[in-house]
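See structure below.
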Amino acid sequence: MRFPPAVKSQISTMHRYRTHTCGALRAGDIGIQARLSGWCHRIRDHGGVLFIDLRDHYGITQVVADPDSAAFKVAETLRAEWVVRVDGKVRARPDGTENPDLPTGAVEVYVREIEVLGPAGELPMPVFGDQEYPEDIRLKYRFLDLRRERLHNNIIKRGEIIDSIRRRMKAQGFFEFQTPILTASSPEGARDYLVPSRLHEGKFYALPQAPQQFKQLIMVSGFDRYFQIAPCFRDEDARADRSPGEFYQLDLEMSFVTQDDVFDAVEPVIRGVFEEFAGGKPVTPKFPRIPYKEAQEKYGTDKPDLRNPIAMQNVSEIFHGSGFKIFARILEASATAAVWAIPAPGGGSRAFCDRMNSWAQGEGQPGLGYIFFASEGGAVVGRGPVANNLGGERTEALRQTLSLNDGDAVFFVAGEPQTFVKFAGAARTKIGEELGLIDKGRFEFCWIVDFPMYEWNEDEKKIDFSHNPFSMPNLPVDEFLALDASDREKILSLRAIQYDIVCNGVELSSGAIRNHRPDVMKKAFAIAGYPEAELEQKFSGMLHALSLGAPPHGGIAPGIDRIVMLLCGEENLREVVLFPMNQRAEDLMMGAPSEVSPKQLRELHIRVVRPGTS
RNA sequence: GGGGGCGUAGCUCAGUUGGUUAGAGCGCUAGCCUGUCACGCUAGAGGUCGCGGGUUCGAGCCCCGUCGCUCCCGCCA
């Protein structure tokens with residue numbers, strides 16, 4: 001790496017580094033002396049004349065040197081991504097050489113002096129251009145990746161979105177609080193990140209999975225509308241839409257509210273932020289409320305992508321006792337078995353249906369039955385093996401039920417809904433994608449409501465909490481307290497006052513009206529088989545607080561990273577997080593996690609026991 | 001913990017049925033070029049084909065194992 005000698009500045013009145021940013025100069029500045037600092041984005045050396053695109057956070061300005069300029073010799077030594085200071089005269093570009101793609105494209109800086117502030121070695125990854133690079137290289141050299149336009153813009157947009165959220169929350173009367181980062185491990189939920197205590201041998205802090213208990217305690221403390229852009233920590237495996245380790249939530253909680261009050265407070269904030277940053281893409285004007293059960297039946301998931309117009313239907317009636325023996329027997333054998341239809345408008349070709357069938361087999365399914373409809377002698381008839389066995393009359397009934405026509409198809413899944421629902425949902429998504437039915441240019445929101453409170457655990461033959469054990473059951477308190485724990489039917493049909501916001505198939509958040517009554521909570525846990533003593537032991541602080549005057553309260557916690565991801569049009573959270581970890585929860589740039597010194601371990605009363613050496 | 005995909009030059013990738021000295025673009029080095037903005041032209045350097053083993057006269061290519069990255073399942077109240 002060479003450092004060309006810096007030429008001492010002759011313009012002592014100027015700022016040490018710049019009079020303008022690289023995005024500032026316009027035609028009106030022609031004739032002035034300017035000083036710019038930035039990175040050599042792109043260098044074009046024509047021998048006689050040499051162009052440097054100088055880039056900083058604000059933009060790009062073209063710098064020109066020719067053999068007449070004093071700094072030509074220095075200019076020739078510059079390489080990509082060197083950081084330099086440039087002095088020169090702002091002048092108009094010659095006629096016909098203006099660059100309309102650049103805000104500064106009418107002018108250029110004719111260089112008089114160049115000072116190298118920070119030279120760069122050969123780059124592991126160029127900053128210029130928009131080529132894809134491997135994740136590990138990108139993460140190891142995150143600071144280079146962040147110089148690139150796309151990521152740089154994403155991070156800026158992230159900040160602007162968070163600003164907008166704060167503004168909107170405060171306008172709704174919410175107040176921002178800070179809750180502890182070092183707290184206690186909680187037995188419920190995800191795996192905790194633990195921090196060993198130096199002063200208390202053998203004891204650990206945990207990083208909060210969410211400020212859940214704190215925000216409830218803030219309500220018990222008599223504050224009314226809490227929010228926080230809250231860091232959350234969970235030691236679970238990553239997904240494209242689930243960062244390993246840490247992420248941020250717009251955490252909020254309100255006192256004396258019903259579900260409707262929470263919706264009325266949150267929906268305008270989320271909708272407003274999306275409208276502000278969606279770049280003109282339409283946003284659902286009023287979020288529809290879809291009961292959990294309906295979401296499962298129509299979309300095969302509790303986070304439906306409503307941009308996909310396909311809605312499934314239960315068509316068991318049509319197959320019951322029909323000539324299509326495979327399904328008829330399945331329905332015969334079990335009262336809870338069903339056949340669901342997945343309409344595929346425009347999918348009416350044997351080639352498409354066969355392709356979907358092989359896809360299903362690739363997913364480990366026996367196959368995907370189908371009928372496709374075609375015109376024949378003026379009538380629309382069903383084709384394929386299912387239609388042949390089902391017969392004309394029932395096939396026609398299907399066609400009418402599902403409003404299908406010439407050129408359409410329908411696929412079928414059969415069996416016990418609880419075992420096939422996930423696959424049915426995947427098939428609905430796949431069909432929608434393959435047929436191009438999903439309008440990517442919009443944001444489709446919905447609330448998912450009425451989550452079941454409990455579910456049957458077939459493995460352990462017991463009743464479990466279905467989702468959040470601290471949600472209020474949707475039943476008058478007296479009735480709930482009077483429940484007979486053996487009335488399995490009634491208990492399994494109970495719903496919790498719990499809700500999710502879903503956008504384009506991404507679960508943005510879940511929330512609930514909390515269970516603020518110790519007696520109801522004890523009953524709720526008793527139903528799930530937790531003895532009162534255990535509850536007292538694990539959640540004594542919370543129970544105690546709730547027993548000394550707790551207001552009814554509820555809230556929700558939309559994921560900031562996911563909101564930003566959707567608004568940036570990205571499919572992976574790493575594209576909207578400043579310094580993300582890889583899938584194995586490593587920070588390749590900082591080298592985290594890392595080994596620590598024996599002294600540190602001793603102070604923390606920790607001994608590392610490696611697998612197979614104990 | 002399980003399954004899929006990928007791994008060839010600093011980077012992005014090609015590489016036929018297993019067959020001579022493994023190629024291209026970008027980047028890098030040297031030279032030429034006075035109006036480019038993905039500048040152009042010429043030449044050059046740069047390779048343990050992730051790693052280990054096997055099959056074969058012969059392996060980048062086939063087989064087994066292993067490691068890394070990634071996507072998914074489990075998990076994430």
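Since the model is a prediction, treat every value here as computed from it, not as a measurement. Chain letters run A, B, ... following the sequence lines, proteins first, then strands; residues in each count from 1.
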Pairs of donor and acceptor atoms involving the side chains of residues 227-239 of chain A, under 3.5 Å and at least two apart or interchain, shall be tabulated with distances.
unit_1   : atom_1 : unit_2   : atom_2 : d
A:Gln228 : OE1    : A:Thr179 : N      : 3.3
A:Gln228 : NE2    : A:Thr179 : OG1    : 2.9
A:Gln228 : NE2    : A:Tyr226 : OH     : 2.8
A:Arg234 : NE     : A:Gln209 : O      : 3.2
A:Arg234 : NH2    : A:Gln209 : O      : 3.4
A:Glu236 : OE2    : A:Arg191 : N      : 2.9

Check the distance between [N]'s [atom2] and [X]'s [atom1] and give it to me in whole angstrom.
X	N	atom1	atom2	result
A:Asp136	B:G50	CG	C1'	12 Å
A:Asp500	B:C76	CG	C1'	13 Å
A:Glu135	B:C6	CD	C1'	13 Å
A:Met125	B:A9	CE	C1'	18 Å
A:His41	B:C26	NE2	P	17 Å
A:Leu139	B:G68	CG	C1'	14 Å
A:Tyr133	B:G7	OH	P	18 Å
A:Gln249	B:C76	CD	P	15 Å

[N] OP1/OP2 closer than 4.0 Å to side-chain N/O of [X]:
X	N	answer
A:Lys422	B:G74	yes
A:Gln583	B:C69	no
A:Arg239	B:C73	yes
A:Arg574	B:C71	yes

Are the aromatic ring centres of [X] and [Y] under 6.0 angstrom apart?
X	Y	value
A:Phe423	A:Trp359	yes
A:Phe539	A:Tyr530	no
A:Phe451	A:Tyr499	no

Does any donor-acceptor pair link the side chain of [X] with the base of [N] at a separation under 3.5 Å?
X	N	result
A:Asp237	B:G74	yes
A:Arg138	B:C69	no
A:Arg79	B:G27	no
A:Arg191	B:G74	no

* Asked: For the side chain of A:Arg91, counting heavy atoms from C-beta on, which of B:U34, B:C76, B:G35 is nearest?
  -> B:G35
* State which of B:C76, B:U34, B:G68 makes the closest approach to the side chain of A:Val49. => B:U34
* Sugar-phosphate, base or nothing in reach of A:Pro469, heavy atoms under 4.0 Å -> base
* Asked: How is A:Asn572 classified with respect to the nucleic acid when contacts are heavy atoms under 4.0 Å: base, sugar-phosphate, or nothing?
  -> sugar-phosphate
For [N] and [M], measure between their [atom1] atoms and round to the nearest Å.
N	M	atom1	answer
B:U8	B:U12	C1'	12 Å
B:G60	B:U70	P	29 Å
B:A59	B:G54	P	12 Å
B:G15	B:G50	P	15 Å
B:G35	B:U21	P	46 Å
B:G3	B:G74	C1'	11 Å
B:U66	B:C72	C1'	22 Å
B:C28	B:G65	C1'	38 Å

* A:Gln498 vs A:Asn582, nearer the 5' end of RNA chain B by closest nucleotide -> A:Asn582
* Most 5' of A:Ala210 and A:Leu588 on RNA chain B, judged by nearest nucleotide -> A:Leu588
* Name all stems that contain residues of RNA chain B, defined as runs of 3 or more consecutive Watson-Crick or G-U wobble pairs, both distances under 3.5 Å. => B:1-7 with B:67-73, B:10-13 with B:23-26, B:28-32 with B:40-44, B:50-54 with B:62-66
Donor-acceptor contact below 3.5 Å, side chain [X] vs main chain [Y]:
X	Y	result
A:Asp561	A:Tyr248	yes
A:Asp500	A:Val502	no
A:Asp145	A:Leu151	no
A:Arg562	A:Asp241	yes

* Asked: Are more than 12 heavy atoms from other residues, nucleotides or ligands located less than 6.0 Å from atom CZ of A:Phe204?
  -> yes
Under the ring pair (Phe, Tyr, Trp, His ring centres under 6.0 Å) rule, collect the residues that match up with [X], sequence neighbours excluded.
X	value
A:Phe420	A:Trp340
A:Tyr110	none
A:His46	A:Phe51

* Base-contact (B) and sugar-phosphate-only (S) positions in nucleotides 36-44 of chain B, heavy-atom cut-off under 4.0 Å, - elsewhere -> BBSB-----
